[in-house]
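What follows is a set of notes on a single structure, which appears directly below.
A note on names: the letters A, B, ... follow the listed sequences, proteins ahead of strands, and every chain is numbered from 1.
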Amino acid sequence: MSDMRENTLLALLLAPALLVFVAFFLLPIGRLALAAGSGPDGIMAYAAILTDARYRESLIATVLLSAGVTLATLALCAVCGLFLERNRFPGRAVLIGIMTLPLSFPGVVVGFLVIMLAGRQGLIGDLTQALTGSKLVFAYSMAGLFIGYLYFSIPRVILTVMASAEKLDRRLEEAARSLGASTFAVTRDVILPGLLPALLSSGAICFATSMGAFGTAFTLATNIDVLPMVIYTEFTLHANIAMAAALSLILGLITWAVLALARTAAGSSVAAAG
Amino acid sequence: MTTPGTRIRLTGCAKTFADGTRALEPLDLEVNAGETLVFLGPSGCGKTTTLRLIAGLEMPDACGRILFDDEDVTALPIEKRNVGMVFQSYALFPNMSVAGNIAYGLKIRRVPEAERRRRVAEMLEMMRITELADRSIDQLSGGQRQRVALARALAVEPRVLLLDEPLTALDAKLREDLRLEIDRLLRRLGITAIYVTHDQAEAMALGDRIVVMSKGKVAQIGRPRDIYLKPADRFVADFIGNINRLSGMVRNGLLELPGGTLPWDSPDGPLQAALRPESLRIAEDGLPGLTGTVISAFFLGDRQRLLVEGVAPEPLIVDAPNRIEISAGDTVRLTFDADALIPLSH
């Protein structure tokens with residue numbers, strides 16, 4: 001009897017959260033899934049992602065770009081984060097401040113910064129013009145996007161790495177060294193495994209952010225199609241709502257899968273780390 | 001598998017940290033081959049710094065030199081010194097199994113797979129943890145972890161074994177068991193061992209010699225027996241075991257104290273000395289004794305510890321046999337022998 005009352009109470013308490021979940025998550029996703037299947041091609045909109053070269057190439061390009069940005073960010077941040085955590089020097093706080101600055105910029109501003117750096121009137125262009133006579137411009141290519149994404153990915157990852165590096169047990173490194181391990185071996189066998197959970201989780205966030213980044217792509221992408229841009233043009237220019245919806249779902253699915261995978265991997269490595 | 005012991009010599013080894021703190025005053029020290037030397041002292045006395053200098057984790061200030069046998073290892077970093085280390089926090093690699101941890105040093109040295117397996121099995125057996133070989137570290141108890149840490153350190157046949165408070169994180173019973181085991185292990189292997197602790201019971205049980213340290217300096221070096229019975233100064237006397245202070249006056253063959261007199265065979269004059277609790281006895285009826293009142297009595301099982309006032313200027317700690325019925329408020333008569341007194345110069 002009291003059990004039943006408790007269950008009713010629980011259901012009542014859960015109701016608001018459930019309502020929000022249905023209203024803001026299930027319904028829109030459901031609508032999206034329906035919209036994707038209700039175009040002239042029906043369910044074939046999904047197949048078009050693979051058969052239509054434009055969609056397929058943009059999908060592959062987006063995944064490759066995001067993966068590349070993620071790997072580069074992780075490599076950079078593991079080194080810099082460890083260094084910043086372990087060394088105290090004048091200007092350290094300022095340096096950390098500068099490195100985390102991009103957190104406060106919207107994507108459009110990051111895109112703008114890349115144009116100022118590598119655009120037609122950019123710094124690199126002027127420099128190369130003066131030095132070699134030909135202007136190096138890469139702001140509007142994949143390279144420009146890569147730089148922009150890297151720029152706004154670094155702060156998220158470096159802060160996580162620093163927090164994790166702070167918790168590493170220095171005794172482990174000393175134990176490994178006493179057993180004869182070189183700096184390289186200590187890094188490979190002790191430091192990186194210790195940072196792994198942090199690298200996995202921040203790497204997954206970095207990948208997800210890059211997959212869905214729009215502002216920077218919108219500012220820079222005149223020659224390139226990344227998935228969010230394709231969705232935008234399908235939706236606004238071609239009014240191909242079904243295709244836009246199908247692409248949106250695929251984009252979400254890939255990102256979600258990577259996040260889930262990273263969470264599982266990080267979870268098991270955390271468990272192993274005891 | 002006896003590892004021939006290495007003799008260690010430190011000459012003029014001081015350590016000043018980057019922020020200017022002097023952790024260690026210049027130290028000259030010789031550790032005999034195969035000896036277990038215990039560094040004992042309160043935290044901040046420089047004992048761990050000395051261990052880290054020998055390990056190669058810290059460099060001594062200029063002029064300091066460290067020799068293993070006749071080899072000058074001062075400039076060698078820890079990874080080139082072939083020392084085994086055991087830490088208070090175990091410091092086992094969480095991403096490796098028990099066997100993986102023990103095999104790590106051998107792997108780094110590129111010992112062939114078959115030989116490596118054999119050594120790991122041997123180490124597991126020596127530490128009696130064979131059944132734990134495939135466990136992950138987080139499945140082990142503290143005592144098991146420290147056994148793995150010992151096995152890992154010894155697997156590479158180090159020249160010196162360095163133990164930094166290895167038992168401090170364990171609970172009392174386990175600490176004693178593992179202490180006995182470490183003692184047996186060190187004797188059997190004949191390895192030179194440096195053991196750092198703040199626990200005087202551990203130091204006495206394990207050390208061939210003890211180095212008592214205070215404020216970056218050596219207060220006394222000696223066998224446990226000498227340190228306990230003939231402490232060099234008040235700091236050592238206080239730090240090792242409990243100590244009572246006596247101050248009285250010898251007159252006409254009698255030692256006069258607030259609690260009465262004892263027949264005394266020394267020239268007249270004031271007497272300043274210290275006395276261990278177990279050196280004080282309850283006087284037999286009819287024999288001379290000093291009268292005092294028991295303030296508190298703690299029954300400890302193997303003995304009872306009394307706090308007695310009125311006998312000497314300060315209350316005395318007395319270890320009495322466990323069979324005598326005594327409680328707080330009782331009046332007791334105490335006596336002691338002249339040769340149990342520890343002269344204190346300062």
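Among all heavy-atom pairs drawn from A:Ala185 and B:Tyr104, the shortest one is O-OH, 3.7 Å. The shortest non-hydrogen separation linking A:Asp189 to B:Asn95 is O-ND2, 3.1 Å.
Counting heavy atoms of neighbouring residues, nucleotides and ligands inside a 6.0 Å radius, atom CZ of B:Arg65 does not exceed 12 of them. Within 6.0 Å of the CZ atom in A:Arg88, the count of heavy atoms belonging to other residues, nucleotides or ligands exceeds 12. A 6.0 Å sphere centred on CZ of A:Phe89 holds more than 12 heavy atoms belonging to other residues, nucleotides or ligands. Few gaps surround CZ on B:Arg109; more than 12 heavy atoms of other groups in view lie less than 6.0 Å from it. The environment of B:Asp171 atom CG is dense: over 12 non-hydrogen atoms of other residues, nucleotides or ligands sit within 6.0 angstrom. Few gaps surround CD on B:Glu30; more than 12 heavy atoms of other groups in view lie less than 6.0 Å from it.
In this structure the side chain of B:Pro94 reaches within 4.5 angstrom of the side chain of A:Leu172, judged on heavy atoms. Side-chain contact check for B:Lys107 versus A:Leu179: every heavy-atom pair is 4.5 Å or farther apart.
Scanning residues 67-93 of chain B against chain A with a 4.5 Å non-hydrogen threshold yields B:Pro77, B:Ile78, B:Glu79, B:Val83, B:Met85, B:Phe87, B:Ser89, B:Ala91, B:Leu92, B:Phe93, sorted by number.
Residue A:Arg170 holds its CZ atom at 10.5 Å from CG of B:Leu57, rounded to the nearest 0.5 Å. Rounding to the nearest 0.5 Å gives a distance of 12.5 Å between CZ of A:Arg177 and CD1 of B:Ile108.
For a residue to count as touching a neighbouring chain, one of its non-hydrogen atoms must lie under 4.5 Å from one of that chain's; by this rule B:Arg52 touches chain A with the side chain only.
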